[in-house]
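Every chain is numbered from 1 and lettered A, B, ... according to where its sequence line falls, protein lines coming before strand lines. Keep in mind that the numbers below use all heavy atoms, side chains included, and drop hydrogens, waters and symmetry copies.
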Amino acid sequence: MHEFARPLSRDELPASTADLARFLIGKLVLRALPDGFAVARIVETEAYLADDAACHAFRGPTPRNRTMFGPPGHAYVYRAYGVCWMLNVTNAAIGIGEAVLIRAAEPVTGLDAMMRHRGEVPTRDLLRGPGRLASALAIDRSHDGADLCARGPLWLGSDGAAGGDIGMSTRIGITRDAHLPLRFYLKGSRFVSGPAALNGQGRARRNARSAPVALDGHVAGEDRAHDRKADREDPLDR
DNA sequence: TTCACGATGGTCT
DNA sequence: GACCATCGTGAAC
């Protein structure tokens, strides 16, 4: 179980926040809940940079975003649209506000606990979307500032699993600096959020700005076939 | 099955 | 008022 995952060390986090977003694909979010341990494998992230108008820290520190200006490897949790909590991983040096938004993950263990928080939804939808992810893992403002590089209520880990093919695209749901390719996702995963056209699975779009950016030479059909195989496997089966 | 639409309502500008 | 989202609904593919 989770004892096979080791916490990520702060030293191994890439200094570049865009690199951190890519680095976190395939890593684990581990959450100690009163009703059990929940583990999820990250399949989608977005980077938010200090000179990026979509970043909360762009206009300087506020009571809400101050943890972004703290040390790397900590949780920045905020409420979006007044209804959903968002889990971010802080990065960059103290005084510089950058972070990676965890957008989606694949359930690994603790599906019962997640469903108790999310209600009866398909397994695919448990953690597909940043608000859903926080809801399923019972993450809220109380986790703002938590150290994610040490075992605790909420931390990041690695089980050494080989990462898959990672795609890159524009970010979702923003208007400012929306053209920057700072979104990363596990290609072929059904647990990734967002429209198919952004995930390398949809029909090609005329608008090049919304087209996914391939980082490797793999064939899309190969990825889909691989995913169907993975789908048949019980996420709880170890 | 996927997407567009409208309503929702904390926090910051 | 704008905003890093979600849900239910309904229509298109």
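- As rounded to whole Å, 11 Å separates atom P of C:dG8 from atom CG of A:Asp125.
- Side chains of A:Trp155 and A:Cys149 form no contact here, defined as non-hydrogen atoms less than 4.5 Å apart.
- Within residues 88-104 of chain A, the residues having any heavy atom under 4.0 Å from DNA chain C are, by residue number, A:Leu101, A:Arg103.
- Chaining together hydrophobic side chains whose heavy atoms lie under 4.5 Å apart places A:Tyr81 alongside A:Val83.
- A:Arg10 places a side-chain heavy atom less than 4.5 Å from the side chain of A:His74.
- Near DNA chain B, meaning a heavy atom under 4.0 Å away, the residues from residues 62-87 of chain A are A:Thr62, A:Pro63, A:Arg64, A:Arg79, A:Tyr81, A:Gly82.
- A search for side-chain contact (heavy atoms from CB on, under 4.5 Å) contacts involving A:Arg176 returns A:Ala53, A:Arg59, not counting sequence neighbours.
- Within residues 126-148 of chain A, the residues having any heavy atom closer than 4.0 Å to DNA chain B are, in order of number, A:Arg141.
- Members clustered with A:Leu180: A:Leu49, A:Leu182, by chain and number, using a 4.5 Å side-chain heavy-atom cutoff among hydrophobic residues.
- Here A:Tyr78 pairs with A:His56, A:Tyr76 under the ring pair (Phe, Tyr, Trp, His ring centres under 6.0 Å) rule; sequence neighbours left out.
- Annotation: cation-pi pair A:Lys27/A:Phe23 present, NZ/CZ under 6.0 Å from the ring centroid and within 45° of its normal.
- Residues A:Leu137 and A:Val29 meet the side-chain proximity criterion, which asks for heavy atoms closer than 4.5 Å.
- Side-chain contact between A:Leu33 and A:Arg116 is absent, with no heavy atoms from C-beta onward closer than 4.5 Å.
- Using a 4.0 Å heavy-atom cutoff across all strands shown, A:Arg183 reaches no nucleic acid atom at all.
- Using a 4.5 Å heavy-atom cutoff, the side chains of A:Met86 and A:Leu101 are in contact.
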Kindly express the pairing pattern of DNA chain B in dot-bracket notation, using | wherever a base pairs with another strand and counting only Watson-Crick or G-U pairs under 3.5 Å.
||||||||.|||.
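- Sorted by first and then second residue, the side chain to side chain donor-acceptor pair (under 3.5 Å) pairs with a member in residues 84-96 of chain A read A:Thr17-A:Asn91; sequence neighbours excluded.
- Where A:Arg176 and A:Val121 meet DNA chain C, the nucleotide closest to each residue was compared, and A:Arg176 sits on the side nearer the 5' end.
- C:dG8 atom P lies 13 Å from atom CD of A:Glu120, rounded to whole Å.
- A salt bridge (charged side-chain N to carboxylate O under 4.0 Å, His left out) check over residues 61-85 of chain A, counting only residues at least two apart or in different chains, returns nothing.
- Annotation: salt bridge (charged side-chain N to carboxylate O under 4.0 Å, His left out) contacts involving residues 89-104 of chain A, sequence neighbours excluded, comprise A:Glu44-A:Arg103, A:Glu46-A:Arg103.
- Proximity of residues 47-59 of chain A to DNA chain C (heavy atom under 4.0 angstrom from any strand atom) is restricted to A:Tyr48, A:Ala54, A:Cys55, A:His56.
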